Amino acid sequence: MTTEVSEAAAARGAAREIVSYDPSTGEELGRVPLGTARDVERAVGRARAAQGAWAARSFKERARVVLRARAIVLEEMDEVAGLVGRESGKPAAEAMAMEVVPTLDLMQFFARRAARLLRPEKLDIGLYRFLGRASEIEYRPLGVVGIISPWNFPWATPVGEIVMALMAGNTVVLKPSELTPLVALKIADVFERAGAPEGVLEVVTGDGSTGAALVEAAPDKIMFTGSTVTGRRVAEAAARRLIPVVLELGGKDPMVVFEDADLEAASSAALWGAFANSGQACASVERCYVHETVAEDFTRRVLAKVRALRQAARDADIGAMSSERQLLIVEGHVREAVGRGARVLAGGGRPKGAPERGFFHEPTVLAGVDHTMAVMREETFGPVLPLMTFKDEAEAVRLANDSEFGLTASVWTRDLRRGRRVASLMEAGTVMVNEVLYTHGIAQTPWGGVKQSGLGRTHGRLGLLELVAPHHVHVNRLARVPDPWWFAYTPGAAALFRSLARRFASGSLLQTILISPQMLGRLRELKKRRDD
Ligand code: NAD
């Protein structure tokens, strides 16, 4: 384990703590408290107490805090990337590219645009507007948002959700992964220095028990990112309290390479898509299907590029995996595939000469795989690129969709019409044509999966709408005129209702005008009853 509960603290009877280690060297990085249910309740209490005043601030005032936080991140970006790299095992350059850059962009986007994205909306209510009615939706904050986050993008995942939640007028309680608590404390520090009032962003470090306590503390929404198994547990616990959840879960994302693809670009993309972050991205390329006529050429290019990758604890292309547990899962998948006939074309296990206490796995390319193997069905979450061939478009789509997951998918072809056509057949929350993995980094686009990859969305307007309660206000400007559907249900009323069913409910103004004499008769009837 990269992080563990300190036995020494437990033995001393002291508050339990979590020890954070560098997974590429085994060096201890620091200790933080293992938050208890009481700690969580207090944090939720403080967040609740702070929420009214935070929501009462204008978008501009809230944006000022977010933009000050952004300025601090910009000033300290090397420190942030270095810390993310040390605590998660990824190269600092990759932490900069995949975590710091996208969050800086996201912070400016939501700080500047949240007001417009959440502007009250007038609704088109069809023929009811001719009855003097109007409807408007106002987007109100939910209250306290609980964020439970994983270790693989310990900075980008929570920061994005914190910024969206705060801009929408909520306060936040964050429970980060037990493997990356120091990154979370840095996030808290940045927002505190940016002037976020007490209680607006609470961070409770801890493990799964702390996460479970956060759900029990009944925030107004849970934004959960993590494995499908834990996501299901969170959803069950939240359902008991009727707390809405967004679940960003695992993936087994396919990449389809057609015979007309730019193989030079596609092979580089496959490499980055499968091996960036040591393959520990929810949207990593986990299955690659190549048209049989170009498979040899594509594979040759991939293997040449794998040989050029540098793997080391610092300043390399590929770092360590985040935990021994994850390393063992990857080894298990490779071992099982090889035992059932897969061929290892590159890598295959722990690199020779790697630091003894580091959790490294070589970038690995497999051929001869099929859909009975775990490496093609379960989330591997490691630097493994299994290659399979297909004969035609229909087979490619069938193979890509043959998965219980559906987070992202990728299609490679020079024919963009074909790319869009195939994209529309893919069962995934996001399909990229001639791209892989990266759209979580685009603040404007929605992120989320179908099937076992999750529920709801984060990022973009759809993600922001997850963090507000739509508040519908309906106004009747003709209150003096009684509604024709009110009591009493006279024979005349029953006849009118039949006409409403036939004509008004057709949505046609012309049809509705035809029943105006009947309508006026009914109104006279109601008026007479009132006057009597
Ligand atoms: P995990 O499910 O083990 O843990 C995620 C978080 O949940 C951690 O903070 C953990 O402490 C907490 N937790 C554990 N048990 C809990 C419980 N019973 N109640 C509440 N919280 C609990 O996931 P992980 O191993 O940290 O992350 C890797 C997984 O995350 C992968 O499956 C990956 O695909 C997924 N992921 C998905 C996305 C996405 O956007 N879809 C993004 C990143 C990671």
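Counting starts at 1 for both ligands and their atoms, in listed order. Fair warning: this is a prediction, and the values are worked out from it, not measured in the lab.
With rounding to the nearest 0.5 Å, the separation of CE in Met167 from CD1 in Ile162 is 14.0 Å. One finds the CZ atom of Arg70 at 9.0 Å from the OG1 atom of Thr103 (value rounded to the nearest 0.5 Å). Leu467 CG to Lys221 NZ: the interatomic distance, rounded to the nearest 0.5 Å, is 6.5 Å.
At a heavy-atom cutoff of 4.0 Å, ligand 1 is contacted by the side chain of Ile148 but not by its backbone. Residue contacts with ligand 1 for Phe153 are absent, since no atom lies close enough (heavy atoms, distance under 4.0 Å). If you look at Pro176 next to ligand 1, the close heavy atoms, those under 4.0 Å, all belong to the backbone. The part of Glu379 lying near ligand 1 is the side chain, judged by heavy-atom distances below 4.0 Å. At a 4.0 Å heavy-atom cut-off, ligand 1 touches Asp207 through the backbone alone.
Among the atoms of Thr157, none of the N or O lies under 3.5 angstrom from an N or O of ligand 1. An N or O contact shorter than 3.5 Å is missing between Asn152 and ligand 1 by distance. Taking distance alone, with nitrogen or oxygen atoms compared against 3.5 Å, Lys175 approaches ligand 1 more closely than that limit. Not one N or O of His440 is nearer than 3.5 Å to an N or O of ligand 1, by distance alone. Any N or O atom pair closer than 3.5 Å counts here, and Glu178 shares at least one such pair with ligand 1. Geometrically, ligand 1 and Ser227 share a nitrogen or oxygen pair separated by less than 3.5 Å.
Lys175 places no side-chain N or O within 3.5 Å of a backbone atom of Val204 that could act as its donor or acceptor partner.
Of the listed residues (Gly226, Pro150, Ala184), the one carrying the non-hydrogen atom nearest atom 29 (C) of ligand 1 is Gly226. Summarising the contacts of atom 22 (C) of ligand 1 with Thr230, Thr180, Asn277, the nearest heavy atom is found in Thr230. Checking Leu249, Thr210, Val246 against atom 41 (N) of ligand 1, the nearest heavy atom belongs to Leu249.
Side-chain contact between Ile187 and Pro158 is present, with at least one heavy-atom pair separated by less than 4.5 Å. Annotation: side chain of Phe191 is in contact with side chain of Val163 (closest heavy-atom distance under 4.5 Å).
Distance check for atom 7 (O) of ligand 1: a protein heavy atom is found below 4.0 Å.
Ring to ring, Tyr21 and Trp151 are not that close: their centroids are 6.0 angstrom or more apart. In this structure, the ring of Tyr289 has its center less than 6.0 angstrom from the ring center of His371.
Within a 6.0 Å radius of CZ in Arg420, no more than 12 heavy atoms belonging to other residues, nucleotides or ligands are found. For Gln444, the CD atom is densely surrounded, since the number of other residues' heavy atoms within 6.0 Å is greater than 12.
Atoms of ligand 1 found under 4.0 Å from any heavy atom of Gly211, numbered from 1 in the order shown, are 19 (N), 20 (C), 21 (N). Atoms of ligand 1 found under 4.0 Å from any heavy atom of Ala212, numbered from 1 in the order shown, are 19 (N), 20 (C), 21 (N). Near Gly250, meaning under 4.0 Å from one of its heavy atoms, ligand 1 places the atoms 32 (O), 34 (O).
Ser149 counts as a contact of ligand 1, since one of its heavy atoms falls under 4.0 Å from the ligand. Within the 4.0 Å heavy-atom cutoff, Ser177 counts among the residues contacting ligand 1. The closest approach between a heavy atom of Gly231 and any atom of ligand 1 is not below 4.0 Å.
In this pair, His440 and His459 present their aromatic rings tilted. The plane angle is within the 30 to 60° band.
Checking each of Val183, Leu182, Val159, Leu83 against Pro154 for a side chain to side chain contact (heavy atoms under 4.5 Å, CB included) leaves exactly one that passes, namely Val183. Exactly one of Thr439, Asp253, Thr430 qualifies for a side chain to side chain donor-acceptor pair (under 3.5 Å) with Thr408. That residue is Asp253.
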